[in-house]
Protein chains: 2
Amino acid sequence: MSPRKSAAEARATRGRIIDRGIAIASVEGLEGLTIGRLATDLGMSKAGVLGHFGTKETLQLAVLEGASAVFVRAVWHPAEDAAPGLPRLRALCEAWIGYLEHERAVFPGGCLFTTASVEFDARGGRVRDAVARLSRVWRRRLAAELRQAVAAGELPADTDPEQVTYELVGCYLALNQELQLLADPEAPARTRRALDRLLAPAAADHSR
Amino acid sequence: MSPRKSAAEARATRGRIIDRGIAIASVEGLEGLTIGRLATDLGMSKAGVLGHFGTKETLQLAVLEGASAVFVRAVWHPAEDAAPGLPRLRALCEAWIGYLEHERAVFPGGCLFTTASVEFDARGGRVRDAVARLSRVWRRRLAAELRQAVAAGELPADTDPEQVTYELVGCYLALNQELQLLADPEAPARTRRALDRLLAPAAADHSR
DNA sequence: CCTACCGATCGGTAGG
DNA sequence: CCTACCGATCGGTAGG
């Protein structure tokens, strides 16, 4: 017997559903993502789409997980080769700008985490919990890298990692808004200027 | 004949619809705001609700306008008495924090403009245009006040008003996220620390 | 993976 | 402002 193709094919179909779901949810939100729309886009029946997930909530969680993988690939992986501390922080922040500016094919409506964060921030449920968890994980990553930069003497000793993390997140929320809502081409340059100040090396601290 | 009450009553009903609509849209978004939900909440029929607006889009625009009036009353009016320039900027920013932190009765799901901005940033149409316009008006207000503070020598002469406006907006987007999604009680304090740096008086520029 | 179907709800209209 | 209704679409199920 040749190996059954159905299991691998099912996995491939599931991947196609998730990729399309990410694109739709980026524009319409995770609630605006409907099973009927997915089925039409993919040339499938609604039951065929839903069969892979069972419920819409499970589909939403799978789409969120898929988007997380995209974020890791686009922002985290390119920075992994940089030295820990400030060099890696700068690499992460530059990749983060590129992710918001250029991943239009994957996220035509902008960063799905920003969309989902605002969409679910006043609700309960597993999707909201997953969004909050991903947000906390990313903030902890940034704070850990900031602590390492402080310990290495690359950032001023009185730097508050949580404070800088908060300001970094704010910069990227503003960048997403200027790119998506206001279509302002100067937004990436403004983000880089803000980063230059937030991540100014310790040696330059008293000179500005 | 006594003056007809119906016109005044109709206006009062319209106001009740908008107030309830703001609260619902703050949680569910302007698309998630449905005429049926509004009718149920207000003990009216769907046709009775829709009759005041004609279409859902007009209802959404009216709710947005109502939210704008709330924002002006909560953030702009309290700062009007402050002196132009840096004092008014600081008053605006402090009222802005209070607006996000305490207006839970009006906006149980957080700032409606943040919600609507993300919800419509990948769409076309009149609602998206209105959201973008309100966002631009507020940014211009902040930039004008910043220019005045620079001209008065209250902020360093090399301050870029658009740059600081961008960073201010980012701070408040991050504050909204930390309050709504992460329920972090330290968020207002972090915002104030960021403001102290962004709006540091010119005289203190070389001392930090 | 499909067809065929379910009750609920959507925005909106007719007519009063 | 109401009742009564429209076609479309929602998430989900039965049965294959």
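Residue numbering restarts at 1 for every chain, and letters A, B, ... go by the order of the sequence lines.
With both pairing distances under 3.5 Å, C:dG16 is matched to D:dC1 as a Watson-Crick or G-U wobble pair. With both pairing distances under 3.5 Å, C:dC6 is matched to D:dG11 as a Watson-Crick or G-U wobble pair.
Proximity of a side-chain donor or acceptor of A:Lys56 to a complementary backbone N or O of A:Glu31 within less than 3.5 Å is detected.
There is a side-chain donor-acceptor pair under 3.5 Å between B:Gln163 and A:Arg193. If you check the side chains of B:Ser117 and B:Thr114, you find no donor sitting under 3.5 Å from an acceptor.
Counting to the nearest Å, the C1' atom of D:dA8 and the CZ atom of A:Arg37 are 16 Å from each other. When the C1' atom of D:dG11 is taken as reference, atom CZ of A:Phe53 falls 15 Å away, rounded to whole Å. Rounded to an integer number of Å, the gap from B:Met44 CE to D:dA4 C1' is 17 Å. Straight-line distance from the CZ atom of B:Arg14 to the C1' atom of D:dC1: 16 Å, rounded to whole Å. In this structure, A:Leu38 places its CG atom 15 Å from P of D:dT9, rounding to the nearest Å.
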(Q) Pair B:Asp41, B:Arg37 - check salt bridge (Lys or Arg N to Asp or Glu O under 4.0 Å), show working. (A) CA-CA 6 Å; B:Asp41 283 14; B:Arg37 166 76 187 278; 3.2 Å; yes

Q: Carefully, step by step, assess A:Asp196 and A:Arg90 under the rule salt bridge (Lys or Arg N to Asp or Glu O under 4.0 Å).
A: CA-CA 9 Å; A:Asp196 284 343; A:Arg90 291 195 167 276; 3.8 Å; yes

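Using a 4.0 Å heavy-atom distance criterion, A:Leu33 is classed as a sugar-phosphate-only contact. Contact annotation for A:Ser45: base contact, defined as any heavy-atom pair under 4.0 Å involving a base atom.
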Report each atom pair, protein N/O against N/O of nucleotides 12-16 of chain D, whose distance is under 3.5 angstrom.
{"from": "D:dG12", "atom 1": "OP2", "to": "A:Lys56", "atom 2": "N", "distance (Å)": "2.5"}

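Of the candidates A:Asn176, A:Val131, A:Leu134, A:Phe113 forms a side-chain contact (heavy atoms from CB on, under 4.5 Å) with just one, namely A:Leu134.
Annotation: of the two residues near DNA chain D, A:Thr34 and B:Ile17, the 5′-most nearest-nucleotide partner is B:Ile17.
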